Amino acid sequence: MKLINRIRSIPISYRMPLIVALLMVAVSAAISERVLDRLSRTQERFLDGLAQTYLDGLSSAVLPAVLRADVWEVFDALDRSASSYGALAPLETIVTGADGRVLAASDPGRIAAYSELPDGFVDRYGPGLVTIDETSMTGFTRRELVYQGLPIGTIHATFNVAHLFAERREILITLLVTNGALAALFSLGGFLLVRRMIGPMRVLESHMRAAANGTAEPISPGEFPSRNPEVASLFRGYNALVHAERERADLAMRLAEEEKVASLGRLASGMAHEINNPLGGLFNALDTLKKHGSTPGVRTTSINLIERGLQGIREVVEAALANYRPERSARPISPTDLEDVRLLLRPELRRRRQRLAWTVEWSDQGELPIKSAPVRQAILNLLLNASAVTMEDGEIGLAARVSSGELSIEIHDQGPGFPEDIAGILVDDDPGPALRAGGGLGLWMVRRVVDDLRGEVRVGEKPEGGTVVTLILPFPAEERRADAA
């Protein structure tokens, strides 16, 4: 398995030529084996033919002498046959009589007449006409001498077959060199061909890697292959995908800005109402001062009223500035930030005659190591969404608590519940078709805030009806370690 994984990890531009080379080696080995097998069979048939001819001629020459047991005539026939059959390259020939004793041998100094055959001499023959000993590179054959149906002797012949093995070796070397050269040539050709074929795929790969890193760029027309319409069509499809993604991202950003502007408009309308109410009282107090300012009690009362009105206006303005001023985005969150959100939400709740259940259980811990501005925006978006789906005279709520190195913020409403595709914007890996259709952009902004803070969103339902959205925002790693210590 590890070997297979390693092979798969090799780039295809190298893997394909390697496969071609291995296939060529396998094919070459099979062809070489078949050629050598055919050659050996041809040589064996040729050798059998030569041996048959040699034995036929020799048996005709020595048969009368064997009948007469004439040793010198048999030896003379053996001497003359050695020069007549040079192609067979006979090494030794022995003629024995009916009793198995030697009548004559081509080398009488080694095997004398009327002697017994050496031990194991007869056992070296195989079932065929010719038996080859590859160790000594010699061949053995014999022929029974028969006269009128009766055996009268035997011819034993030994000959040299080294030239046959030399021929096989030369052919094997030729095959190896030829097949090796062809394998190298085909491998090089395969490498160049595969490199040329996957060249456009490398272009597409580089653009897709760039797109994965957030910089999707279309493929320029100069990089389109002119002679490969399939790849050109693939490039055009990729470019269309990039353009469509850019248009979708631009549309989503525009819609998100519109959603933000709409939310800001609702808040501005509520803040204007919050400011207009104390302004009316302030003008009344000024009129009172103009008419009765000389009276100490009236003057004190009017001044106190003006001070409280201005204090309320300042609180509303500061809350709005804190929520939308970008330079304060890195400030740690504190309970005051939630109170600002509560103040900004008050006009919308008063307009819809709704109640707000508010629970913050970390007032004694002060600031937390989480960026305040994005969390404020996410909470405000969720509370405005909860207010929008809750009926008039209904109730929405917020509960914030700190435990185990994380901030948990739970927001609930009394609405009909999230549709599945809208809830998927908060919890699914893919925001889904709802976002691509331009819906749920406020929730998408919440999802982006939570993802940037490496948090988690949970969506559930209340037993008595309504939806519960919980934001789990962990502290940074160093803060969690310090808290655990």
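Please read all numbers here as calculations on a predicted model, not as lab measurements.
For Asp452 (side chain) and Val449 (main-chain N/O), no donor-acceptor pair under 3.5 Å exists by modelled atom type. Remark: side-chain polar atoms of Asn179 are paired, donor with acceptor, to backbone N or O of Leu175 under 3.5 angstrom. With hydrogens and angles disregarded, no donor-acceptor distance shorter than 3.5 Å links the side chain of Ser334 to the backbone of Glu367. Judged by distance alone, with hydrogens and angles left aside, the side-chain atoms of Ser408 form no donor-acceptor pair with the main-chain N or O of Arg401 at under 3.5 Å. No donor-acceptor pair under 3.5 Å is formed between the side chain of Asp413 and the backbone N or O of Ile396.
Closest heavy-atom contact between Arg447 and Val427: NH1-N, 3.8 Å. Of all the heavy atoms in Ala51 and Thr141, the pair that sits closest is CB-CG2, 4.4 Å. Taking all atoms of both residues into account, the shortest heavy-atom contact from Leu368 to Pro332 is O-CB, 3.1 Å. In terms of heavy atoms, Ile370 sits closest to Leu473 at CD1-O, 3.6 Å. Here the closest heavy-atom approach between residue Glu134 and residue Phe165 is recorded as CG-CZ, 3.5 Å. When all heavy atoms of Trp358 and Arg342 are compared, the pair lying nearest together is CD1-NH1, 3.4 Å.
Taking the side chain to side chain contact (heavy atoms under 4.5 Å, CB included) definition, one finds that Asp37 meets it with Glu33, Arg34, Ser40, Arg41, sequence neighbours left out. Residues satisfying the side-chain hydrogen bond (donor to acceptor under 3.5 Å, both in side chains) criterion with Arg236, sequence neighbours excluded, are absent altogether. Under the side-chain hydrogen bond (donor to acceptor under 3.5 Å, both in side chains) criterion, Asn160 pairs with no residue at all, not counting sequence neighbours.
Separating the CG atom in Leu382 from the OG1 atom in Thr467 is a distance of 11.0 Å, to the nearest 0.5 Å. To the nearest 0.5 Å, atom CG of residue Leu345 and atom CG of residue Leu398 are 9.5 Å apart. Asn385 CG to Ile411 CD1: the interatomic distance, rounded to the nearest 0.5 Å, is 9.5 Å. Remark: Phe475 CZ to Ser404 OG distance equals 10.0 Å, nearest 0.5 Å. Note that CD of Glu44 and CG of Leu129 are 11.5 Å apart. Values are rounded to the nearest 0.5 Å. Arg448 contributes atom CZ, which lies 11.0 Å from atom CD of Gln377 (distance to the nearest 0.5 angstrom).
Looking at heavy atoms from C-beta onward, Leu172 lies out of side-chain contact with Arg168 at the 4.5 angstrom threshold. Residues Leu39 and Glu167 form a side-chain contact, since some pair of their non-hydrogen atoms from C-beta on lies under 4.5 Å apart.
By the neighbour-count criterion of 12 heavy atoms within 6.0 Å, atom CE of Met391 is sparsely surrounded, having that number or fewer from other residues, nucleotides or ligands.
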Item checked: Verdict with supporting geometry, Val161 and Leu47, side-chain contact (heavy atoms from CB on, under 4.5 Å) -> CA-CA 9 Å; Val161 295; Leu47 190 60; 3.8 Å; yes
Check: Can Val130 and Phe140 be said to form a side-chain contact (heavy atoms from CB on, under 4.5 Å), step by step?
Finding: CA-CA 6 Å; Val130 177; Phe140 311 102; over 6 Å; no
Check: Stepwise, does the side-chain hydrogen bond (donor to acceptor under 3.5 Å, both in side chains) test hold for Arg124 with Thr138?
Finding: CA-CA 11 Å; Arg124 62 185 182 177; Thr138 54; over 6 Å; no
Next item on the list: Walk me through it: do Leu426 and Val446 pass the test side-chain contact (heavy atoms from CB on, under 4.5 Å)?
Entry: CA-CA 8 Å; Leu426 291 174; Val446 174; 4.2 Å; yes
Notebook entry, point to check: Does the side-chain contact (heavy atoms from CB on, under 4.5 Å) test come out yes or no for Ile409 and Val375, once each step is laid out?
Noted result: CA-CA 10 Å; Ile409 302 174; Val375 177; 4.0 Å; yes
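For the side-chain contact (heavy atoms from CB on, under 4.5 Å) with Thr390, the lone residue among His412, Arg355, Arg352, Gln414 that qualifies is Gln414. Remark: of the listed residues Ile472, Leu471, Asp451, Ile472 is the sole one forming a side-chain contact (heavy atoms from CB on, under 4.5 Å) with Glu456. No option in Arg351, Arg346, Arg350 other than Arg351 meets the side-chain contact (heavy atoms from CB on, under 4.5 Å) test with Glu348.
With respect to the salt-bridge test (charged N to carboxylate O, under 4.0 angstrom), the residues Glu392 and Arg353 qualify.
Side-chain contact of Ser387 with Gln354: a donor-acceptor pair under 3.5 Å is present, judged by distance alone.
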